[in-house]
Every structure is written in structure tokens, then in C-alpha cells.
Amino acid sequence: MAERTVAPALRKKVLRVLFISLLLDLISFTFILPLFPKLLEFYRDHESAQSHTAPTLLARIFTGLNTYKNSFAKPINDRYDIVLLGGALGSLFSLLQAIASPIIGTLSDKYGRRTALLWSMTGNVLSVALWVAATDFRTFLASRVVGGLSEGNVQLAMAIATDISDESQRGATMALVGACFSIAFTFGPTLGAWLSSIQSVKDNPFATAAGFSLFLIVTETAYLYFCLPETLPTVAPEENGKQEKQANGHGNGVKKEETKPRVRTNSHFILNATHFSFILFFSGMEFSLPFMTYDLFSYGSKDTGRLLGFIGLIASLLQGSVVRRLHPLKVVQMGVVSCTFAFFLLGRVETQKMLYAAAALLAVTSATVVTGLNSLSSFEAGAGERGGKLGNHRSFGQIGRSLGPLIFCSLYWWAGRETAYAAGAAGMIAVCALVFGGLKVPPGTEMVTKSKAKIT
């Protein structure tokens with residue numbers, strides 16, 4: 001497969017489109033995060049007010065969760081019923097993503113990034129439209145299933161970012177994708193919570209937030225359709241023929257380079273195993289935070305939102321300054337070490353100052369590990385296989401995300417906070433050993449100077 005050099009003007013255009021579209025997508029995605037407790041309470045109360053001859057789907061799910069809850073020696077407050085249901089839905093979404101991500105990535109290698117992304121957006125539009133119409137739990141569950149199977153924006157954005165970046169630009173470009181996450185998670189939940197206070201449909205009190213989310217997704221789809229060029233080398237010459245003719249090494253398009261055999265430094269197995277292991281422990285810790293902060297400090301949703309906003313703000317600042325200037329391997333190393341210390345600290349938290357100190361360490365982790373691993377994975381993939389390889393990489397992470405909350409919170413309730421976080425710290429030490437002992441700097445990517453790291 002011939003590699004190509006992307007002209008600065010085309011690269012700048014694609015980066016602008018990626019940044020704006022990802023912000024729209026992720027802000028829309030994060031709307032629902034603070035709404036889950038109240039939203040699921042609404043469906044529970046709505047069904048309780050109606051007479052049913054047979055147990056509803058939601059009633060059967062609650063029965064299963066109560067059976068799980070009652071298996072612990074330590075009593076679990078009924079307050080957590082909704083949190084557990086939200087976690088179960090999150091695990092379902094991640095599991096569906098693990099199934100869909102490799103398929104979406106492979107299709108993007110065959111038919112092009114733009115085509116795959118637009119089809120993915122079609123599924124996203126349907127998913128949010130179902131949420132707008134969800135006056136019962138079954139419809140809401142259908143919206144989450146459709147969303148889990150069709151959400152491909154993040155992995156395709158990473159594939160596109162890889163298509164338009166050489167190895168010296170890769171880390172900075174991936175940091176841009178990570179910055180979109182941090183910005184969206186800083187402001188999206190707050191906006192979603194505010195919109196949920198505006199009731200426009202009696203049968204669905206969350207229709208305003210869902211409707212605005214749909215507006216953002218439709219806007220993003222139209223923007224991508226009109227503004228995003230194809231970036232996959234095997235498809236781009238056909239769709240961007242005019243740019244290709246102008247290129248010749250000097251134009252605004254792309255220039256093909258001589259094909260070189262790809263020598264892999266880090267096997268995809270090691271990279272995927274690292275991603276899975278890290279997300280397994282990190283997602284479990286993430287899901288346990290509301291339980292821990294409620295038990296220790298009686299935190300409500302506003303307090304938890306403030307804590308998450310603090311993490312998102314620090315992460316976005318790091319990605320815009322530090323992460324984009326470091327080699328991806330150093331970024332990953334910094335993040336896993338920070339996460340290990342955060343686990344140790346969370347097991348010993350006694351004051352809110354200690355909690356926010358641990359949150360600062362988690363912000364470093366959020367800003368670094370996944371971004372760096374995605375960059376390292378992209379180094380090991382040729383132009384015609386990046387979609388599939390990055391899809392597989394994301395799939396391993398999503399499997400870890402579907403299992404982490406269940407395993408970690410089970411340990412939290414069985415053995416207690418100190419034991420759970422100590423076990424998490426031990427797991428992260430193993431991840432550190434994998435990162436420091438198993439991953440290497442790919443030849444030719446060692447030096448990333450400030451001038452090369454600039455996003456232009």
C-alpha cells in the first residue's frame with residue numbers, strides 16, 4: 001500500500017472538521033451522563049403507576065439487580081439501585097461497542113472513512129431520535145442498543161487523524177482528539193443537566209435535552225457530509241481527484257510515496273492487552289467513585305459533577321500543553337504511574353483535599369493513557385488496515401469497560417474500600433510492568449520537536 005504525504009492546507013482543513021464534529025458528537029453524547037439517575041427513576045415510577053398483568057422488562061431487570069445486591073454480606077443501600085442499573089446499561093453499551101468497533105473499522109478500510117462515518121452518523125441519529133420518543137423504558141433501551149452498535153465516530157476520527165499525520169505529527173494529532181473528550185466532558189454534562197430542567201413534553205420530561213442532542217447530531221452529520229473529504233489513500237484519489245492532480249509534491253492535495261515494508265515494533269496483541277488491562281481497572285475505579293464519595297462525604301450529583309468537571313478541566317489543559325509535545329510512549333508511562341498512585345491514595349482518602357489530590361492524578365491519567373496507546377497502535381498499522389486495527393484496539397478497551405465496573409464494585413462491597421483500591425493498585429502495577437517492559441519506541445518516532453508537534 002502506497003503511503004502518502006498530506007499537504008498542509010488539506011491537513012488543516014481535515015483537522016478543523018474533525019475537531020468541530022467531535023466536539024458536537026461528544027457534547028451530545030455526554031448530555032445523558034448526569035441524567036441517568038433521574039431518567040431511570042422516571043421510567044421506574046412511570047411503570048409503577050401503571051397496572052401490568054406480567055412483570056415488565058424493567059421490573060425483571062430490577063429483580064436481577066436485587067438478587068445480585070443481596071448476595072453481599074455488606075448491605076447495599078437502596079439508593080444505589082438506580083446507579084447499578086445505570087452501570088448495567090453502561091456495560092451493555094460498551095459490550096455492543098466491542099462487537100461493532102472492529103466491523104466499523106474494517107468497513108472504513110474497504111469503503112473509506114467518510115462513507116463509514118456517515119453511515120455511523122445515520123445510526124446515531126436514529127439512536128437519539130428514539131431517546132426523544134422514549135416515553136417508556138423499552139424504547140429508551142432500544143436507543144442505547146442502536147447507539148452502541150452504530151457509534152463509530154471516535155475510532156474513525158482516530159483513523160482519519162492517522163491518515164493525515166506522519167509519525168512525527170501523530171502524538172499531537174491524537175492529543176487533539178483527546179482534548180475534544182476533555183472539553184466535552186467538562187461542559188456537556190452541565191449543559192445536559194440544565195436542559196433537563198426545561199420540560200417541553202409531558203410524557204417525556206427529558207425530551208428537551210434529547211431534542212437538543214438530536215439537533216447537534218443532525219448538525220454534525222450535515223457538516224461532515226458537506227465538509228469532510230475522504231482521507232483513505234485507496235479511496236481518496238477517486239473522490240479527491242482534483243486535489244490529487246494538483247499535488248505532484250507541491251499542490252494542496254497529497255503526494256504518494258514509495259511503498260516501504262512495515263516493520264512492527266510493538267505487537268498489536270501487547271498493545272490491545274495493555275488497553276484491556278488498563279481500562280479494566282480504570283473503569284472499575286471510575287464507577288466506584290460515586291459510591292465512595294457518598295459514603296465518605298455524602299456527595300450528591302452536584303458535588304460529583306464538580307469533581308468530574310475538575311478532572312476534565314485539568315485533563316484538557318494537559319492535552320493542550322504537555323501531551324501533544326511528548327512521545328506517545330512517555331505519555332502512556334506517565335499516565336499509568338499516575339493512575340497507580342491515584343489508586344493508593346483513594347484507598348486512604350479521609351478528607352476532601354485528599355480526594356481532589358487523587359482526582360488530579362486521575363486527570364493526568366485521563367489525559368494520557370488512551371491517547372498514547374491509540375498513537376502507538378496507529379504506528380504499527382499500514383494505511384489500508386488502520387481502521388480495522390484501531391477498531392480492534394478500541395474493542396479490547398470496551399470489553400474491559402464492560403467488565404471493570406462489575407468486578408471492581410463486587411470487590412468493593414465484598415471486601416471494603418481499602419481492599420478494593422489496594423487490589424486496583426496491584427493491578428495497575430502489573431499494567432506498569434507491561435508498559436515499561438513490553439512496549440518500545442518505534443524507530444523513526446523518537447524525536448518529536450516542538451515545530452513538528454504543532455497542529456498546522
**Prompt:** Checking side-chain contact (heavy atoms from CB on, under 4.5 Å) for the pair N204/V132: CA distance, chi angles, key distance, verdict?
**Reply:** CA-CA 8 Å; N204 184 0; V132 174; 5.6 Å; no
**Item:** Test of ring centre spacing under 6.0 Å for F137 and F42
**Value:** no
**Request:** Check the pair L346 / V349 against side-chain contact (heavy atoms from CB on, under 4.5 Å), numbers first and verdict last.
**Result:** CA-CA 5 Å; L346 286 170; V349 163; 4.2 Å; yes
**Prompt:** Is there a donor-acceptor contact under 3.5 Å from the side chain of S213 to the main chain of A209?
**Reply:** no
**Item:** Heavy atoms of other groups near Y225 OH, more than 12 under 6.0 Å
**Value:** no
**Side-chain touch L329/F379, heavy atoms, less than 4.5 angstrom** = no
**Asked** Any side-chain donor-acceptor pair under 3.5 Å between S108 and R386?
**Response** no
**Message:** I'd like to know if the side chain of R144 and the backbone of F140 have a donor-acceptor N/O pair within less than 3.5 Å.
**Reply:** no
**Item:** Min side-chain heavy-atom separation F281-C339 under 4.5 Å
**Value:** no
**Prompt:** Do the non-hydrogen side-chain atoms of Y111 and W119 ever get within less than 4.5 Å of each other?
**Reply:** no
**Request:** Take L289 and L362 through the test side-chain contact (heavy atoms from CB on, under 4.5 Å) and record every step on the way to the result.
**Result:** CA-CA 11 Å; L289 275 180; L362 293 176; 4.3 Å; yes
**Prompt:** Checking S338 side chain against M334 main chain: does a donor-acceptor pair fall under 3.5 Å?
**Reply:** no
**Prompt:** Can you tell me if R417 uses its side chain to pair, donor with acceptor, with the backbone of M292 under 3.5 Å?
**Reply:** no
**Message:** Is it true that D163 and T231 share a donor-acceptor pair across their side chains at a distance under 3.5 Å?
**Reply:** yes
**Request:** Please confirm whether the backbone N or O of V332 pairs with a side-chain atom of T368, one donor and one acceptor, at under 3.5 Å?
**Result:** no
**Message:** Main chain of M285, side chain of S288: is a donor-acceptor contact present, judged purely on distance under 3.5 Å?
**Reply:** yes
**Request:** Scan Q398, E151, R394, R401 and name whichever one has a side chain to side chain donor-acceptor pair (under 3.5 Å) with Q97.
**Result:** R394
**Request:** Using a 4.5 Å cut-off on heavy atoms from C-beta on, say whether the side chain of L126 contacts that of S150.
**Result:** no
**Prompt:** Side chains of E220 and N153: is there a donor and an acceptor less than 3.5 Å apart?
**Reply:** yes
**Request:** Report yes if the side chains of E286 and P405 come closer than 4.5 Å at any heavy-atom pair, otherwise no.
**Result:** no
All N/O donor-acceptor pairs, side-chain side in residues 191-201, below 3.5 Å, sequence neighbours left out:
from, atom 1, to, atom 2, distance (Å)
S196, OG, A193, O, 2.6
S197, OG, W194, O, 2.5
S200, OG, T208, OG1, 2.8

**Item:** Side-chain donor/acceptor of S316 to backbone N/O of L313, under 3.5 Å
**Value:** yes
**Asked** Do the side chain of D109 and the main chain of G388 share a donor and acceptor less than 3.5 angstrom apart?
**Response** yes
**Asked** So, does D25 use its side chain to make a donor-acceptor pair with the main chain of S21 at under 3.5 Å?
**Response** no
**Request:** Check for a donor-acceptor pair, side chain of S402 on one end and backbone N or O of S91 on the other, with a separation under 3.5 Å.
**Result:** no
**Prompt:** Does P229 reach the side chain of K13, with side-chain heavy atoms less than 4.5 Å apart?
**Reply:** yes
**Request:** Using side chain to side chain donor-acceptor pair (under 3.5 Å) as the criterion, list what pairs up with Q352, not counting sequence neighbours.
**Result:** Y299
**Request:** Check whether any side-chain heavy atom of F310 lies under 4.5 Å from a side-chain heavy atom of I314, and answer yes or no.
**Result:** yes
**Message:** Contact between L39 and W131 at the side-chain level, heavy atoms closer than 4.5 Å - yes or no?
**Reply:** yes
**Request:** Return the orientation label for the F185 and F181 ring planes: parallel under 30°, perpendicular over 60°, tilted otherwise.
**Result:** parallel
**Request:** Check whether more than 12 heavy atoms from other residues, nucleotides or ligands sit under 6.0 Å from atom OH of Y356, and answer yes or no.
**Result:** yes
